[in-house]
Amino acid sequence: MLLAPLARVSREVAETSARSRKISLLAGLFRTAGPLDVPVVIPYLAGRLPQGRIGIGWNALKDPPPPAGRATLTVHHVDEAFSALAAVSGPGSQAERRRLTQELLGAATGEEQRFLVGLISGEVRQGALDAVAVEALAETSGAAAGAVRRAVMLAGSLQHVAERLLAEGPRVLEEFLLTVGRPVLPMLAQSAADVAEAIGRLGACAVEEKLDGIRVQVHRDGGTVRIFTRTLDDITDRLPEVVDIAATLEGDGFVLDGEVIALDDEGRPRSFQETASRVGSRTDVATAAAAVPVSPVFFDILSLDGEDLLDLTFAERHEALAGLVPEPMRVRRIVVPGPGEGGGGGEEADPRVGEAEAFLSDTLARGHEGVVVKALDTPYSAGRRGAGWVKVKPVHTLDLVVLAAEWGHGRRTGKLSNLHLGARREDGSFVMLGKTFKGLTDTMLEWQTGRLRELALHDDGFTVTVRPELVVEIAYDGLQRSSRYPAGVTLRFARVVRFREDKRAADADTVDTVLAAHSQG
DNA sequence: TTCCGACAGTGGGGTCGCAAT
DNA sequence: ATTGCGACCCCACTATCGGAA
């Protein structure tokens, strides 16, 4: 199969906004793919390389050679080229990868070049990733979309499911079961502004502490333990103390969902940066583990002694969890009844909310991030941001001054998007605390582009520096240590709430106020 | 008909580890 | 030794489509 029709379909998919049309375009191409092409074509059209990241970035893609006049590349040839690229290592590898990349691009037509560059850089931007590919796969094979999706979640791999589904038909989906040792895409949480809103969305629920660590899925199959991250990377070798703990639990085979976090001697959490640094260390794990040990804290169980628990309610799963994992290794929690239960239930303030708020305050006082409110009656929605889990974290706000803005990409091309945020110094100068592009509606984006152009001092084609006059209200989750910014700190997860045209730069928050507000953190 | 769940897109900062300088 | 770069952790938020209500 040639690459050309694939590149063409990708462009056509990008050009339509209708999801149904995207699906039928993809399905049309899947139908024409031969059995040997399937394992490559499916991930390509989902915007991913089967090889994963192959060590090529923006730099190796710069200045592509002139495009070929005729489309001669086959899908198979391209796949082999990527495998060869991924295998290059050692001194000189960067130059060699660049050479191979340029060679491949030189053999591609213009349309093929654009597709390949998008694929390598992870920016296909055709508005269709795994979820749309799953729908198209269902259409091509005649299987139910839900069944395909579930198989992909359990296999942790679209490619693997696609291959077998197209070769063997819909019946094969029944064979994709949760398997101990093979990671499942983890369930994610939605968010709410406060516990009242979170509880309001759910019936009877548990309120659990939210730890600021690294999400882990721990599998034990007899004597073998494997640990996976949220994106299903195997990090078993980096967490020997967690492996030891998993090996000592009573069960013989299980899959646990939880978080690993570094705690100090008093049991208070260390900063996220310390936990991340520890878990990210691969070279001298023993030294890193001795310096910053981490603790696993579990909140869910997906499998126990050969039984798949995904479809049980959370209440049932938690019971199984409590039977396997002793208290200190489980997340702290309280259970609140549904709105109709437990007496009271009047026109006054919901007593359930009060209880949950008290638990949240206590959790924050212990140094943790917030809480996750979880409906007791819902199954484990692998790979989805299920409505059954709702997180609540405190939000801080500041009034900061826009110092500069960067030109946006993709759908934000031609708009000033990413704002450089400054806090005031007493002497009238400003200190940059970070950037943000979040929280802006299209209308705000449009407005700020015009306003910042009026304030522009200089445009280097990438960043526009402006007179420091526009004040924005910024929400953020807290401060973190920074070596990049002059104050030594930066805002975590900053986002725009609104423009404050009623304020002048002299009314903005000062660096000292910002630092003081977090001094005991 | 309106509402809302799920997706995709647009990027933020930090850290590690490897290769290049 | 330091710097640059890619991968992978953490993540918020808006726009849009299309099925549910």
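Below, chains carry the letters A, B, ... as their sequence lines are ordered, and counting in each starts from 1. Keep in mind it's a predicted model, so treat the numbers as computed, not measured.
Comparing A:G92 and A:A128 along DNA chain B, the residue whose closest nucleotide (by nearest heavy atom) sits nearer the 5' end is A:A128. Mapping A:A387 and A:N418 onto DNA chain B by nearest heavy atom places A:A387 closer to the 5' end of the strand. For the pair A:R411 and A:R492, both in contact range of DNA chain C, the more 5′-proximal nearest nucleotide belongs to A:R492. Along DNA chain C, the nucleotide nearest A:I54 and the nucleotide nearest A:S20 are compared for position; the residue whose nucleotide lies closer to the 5' end is A:I54.
The side-chain hydrogen bond (donor to acceptor under 3.5 Å, both in side chains) check on A:E369 picks up A:K210, A:K393, with sequence neighbours excluded. Applying the side-chain hydrogen bond (donor to acceptor under 3.5 Å, both in side chains) criterion to A:S483, with sequence neighbours excluded, gives no partner residue.
Set against C:dG18, B:dA8, B:dG14, the side chain of A:Q273 has B:dG14 as its closest nucleotide. Closest approach to the A:E369 side chain among C:dA12, C:dT16, C:dC11 is made by C:dC11 (side chain taken as heavy atoms from C-beta onward). Comparing B:dG14, C:dA15, C:dC10 by their nearest atom to the side chain of A:R484 picks out B:dG14. Here B:dG12 is the nucleotide among B:dG12, B:dG13, B:dC7 with the atom lying nearest to any side-chain atom of A:F493. Checked against B:dG12, B:dC18, C:dA15, the side chain of A:T283 finds its nearest nucleotide in B:dC18. Checking C:dC9, C:dC11, B:dG9 against the side-chain heavy atoms of A:I214 singles out C:dC9 as nearest. Set against C:dA12, B:dA8, B:dG11, the side chain of A:V132 has B:dA8 as its closest nucleotide. Distances from the side chain of A:T231 to the nucleotides C:dC9, B:dC16, B:dG11 place C:dC9 closest. For A:K438, counting side-chain heavy atoms from C-beta on, the closest listed nucleotide (B:dT10, C:dA12, C:dC9) is C:dA12. Nearest to the side-chain atoms of A:F272 among the listed nucleotides C:dC9, B:dA20, B:dG12 stands C:dC9.
Looking at A:D63 and A:Q102, their side chains never bring a donor and an acceptor atom within 3.5 Å of each other. One side chain, A:T236 or A:D234, offers a donor N or O that lies under 3.5 Å from an acceptor on the other.
In this structure, the CD atom of A:E123 is 8 Å from the P atom of B:dT10, given to the nearest Å. For A:L239 and C:dC9, the CG to P distance is 11 Å, given to the nearest whole Å. Computed from coordinates, the A:L445 CG to C:dA15 C1' distance equals 12 Å when rounded to whole Å. A:I261 has its CD1 atom 12 Å from the P atom of C:dC10, to the nearest Å. The distance between atom CD of A:E135 and atom P of B:dA8, rounded to the nearest whole Å, is 10 Å. Distance CD (A:E259) to C1' (C:dC11): 13 Å, rounded to an integer number of Å. Nucleotide C:dC13 holds its P atom 12 Å from the CE atom of A:M444, rounded to whole Å. For the pair A:L129 CG and B:dT10 P, the interatomic distance rounds to 11 Å; values are reported in whole Å.
Taking a cutoff of 4.0 Å between a charged side-chain nitrogen and a carboxylate oxygen, A:D130 and A:R149 do not qualify as a salt bridge. Using a cutoff of 4.0 Å between basic side-chain nitrogens and carboxylate oxygens, A:D233 and A:R238 are not scored as salt-bridged. A salt bridge is absent between A:R453 and A:D459: the closest approach of a Lys/Arg side-chain nitrogen to an acidic carboxylate oxygen does not fall below 4.0 angstrom. At a threshold of 4.0 Å, the pair A:E197-A:R201 counts as salt-bridged, since one of the basic side-chain nitrogens sits closer than that to a carboxylate oxygen. With salt bridges taken as basic N to acidic carboxylate O contacts below 4.0 Å, none links A:E111 and A:R114.
Among the atoms of the strands shown, only primed sugar atoms or phosphate atoms (P, OP1, OP2) are found under 4.0 Å from some heavy atom of A:Q126. Nucleic acid contact for A:K391: sugar-phosphate only, since backbone atoms but no base atoms lie under 4.0 Å from a heavy atom of the residue. At a threshold of 4.0 angstrom between heavy atoms, the contacts of A:K22 with the nucleic acid are absent. Residue A:T229 is classed as a sugar-phosphate contact, given heavy-atom separations below 4.0 Å to backbone atoms only. As judged by a 4.0 angstrom heavy-atom cut-off over every strand, A:A18 is placed among residues touching the sugar-phosphate backbone only. Heavy atoms of A:S277 sit under 4.0 angstrom from primed sugar atoms or phosphate atoms, though from no base atom. Within the nucleic acid shown, A:A131 comes within 4.0 Å of sugar-phosphate atoms alone, with no base atom in reach, counting heavy atoms only. Residue contacts shown for A:D442 are limited to sugar-phosphate atoms, with no base heavy atom under 4.0 Å away. Residue-level contact check: A:L440 touches the backbone only, with heavy atoms under 4.0 Å from sugar-phosphate atoms and none from bases.
Between A:T490 and B:dG14 there is no side-chain N or O to OP1 or OP2 distance below 4.0 Å. Close to B:dG11, at under 4.0 Å from its OP1 or OP2, lies no side-chain N or O of A:R412. Applying the 4.0 Å criterion to OP1 and OP2 of C:dC11, one finds that A:K210 has a side-chain N or O inside that range. Taking side-chain N and O atoms only, A:R19 has no distance below 4.0 Å to OP1 or OP2 of C:dG18.
In this structure B:dA6 sits in a base pair with C:dT16, meeting the Watson-Crick or G-U test at under 3.5 Å.
For DNA chain C, none of the residues of residues 472-482 of chain A falls under the heavy-atom distance limit of 4.0 Å.
Distance alone, capped at 3.5 Å, places no donor-acceptor pair between the A:E241 side chain and the A:A289 backbone.
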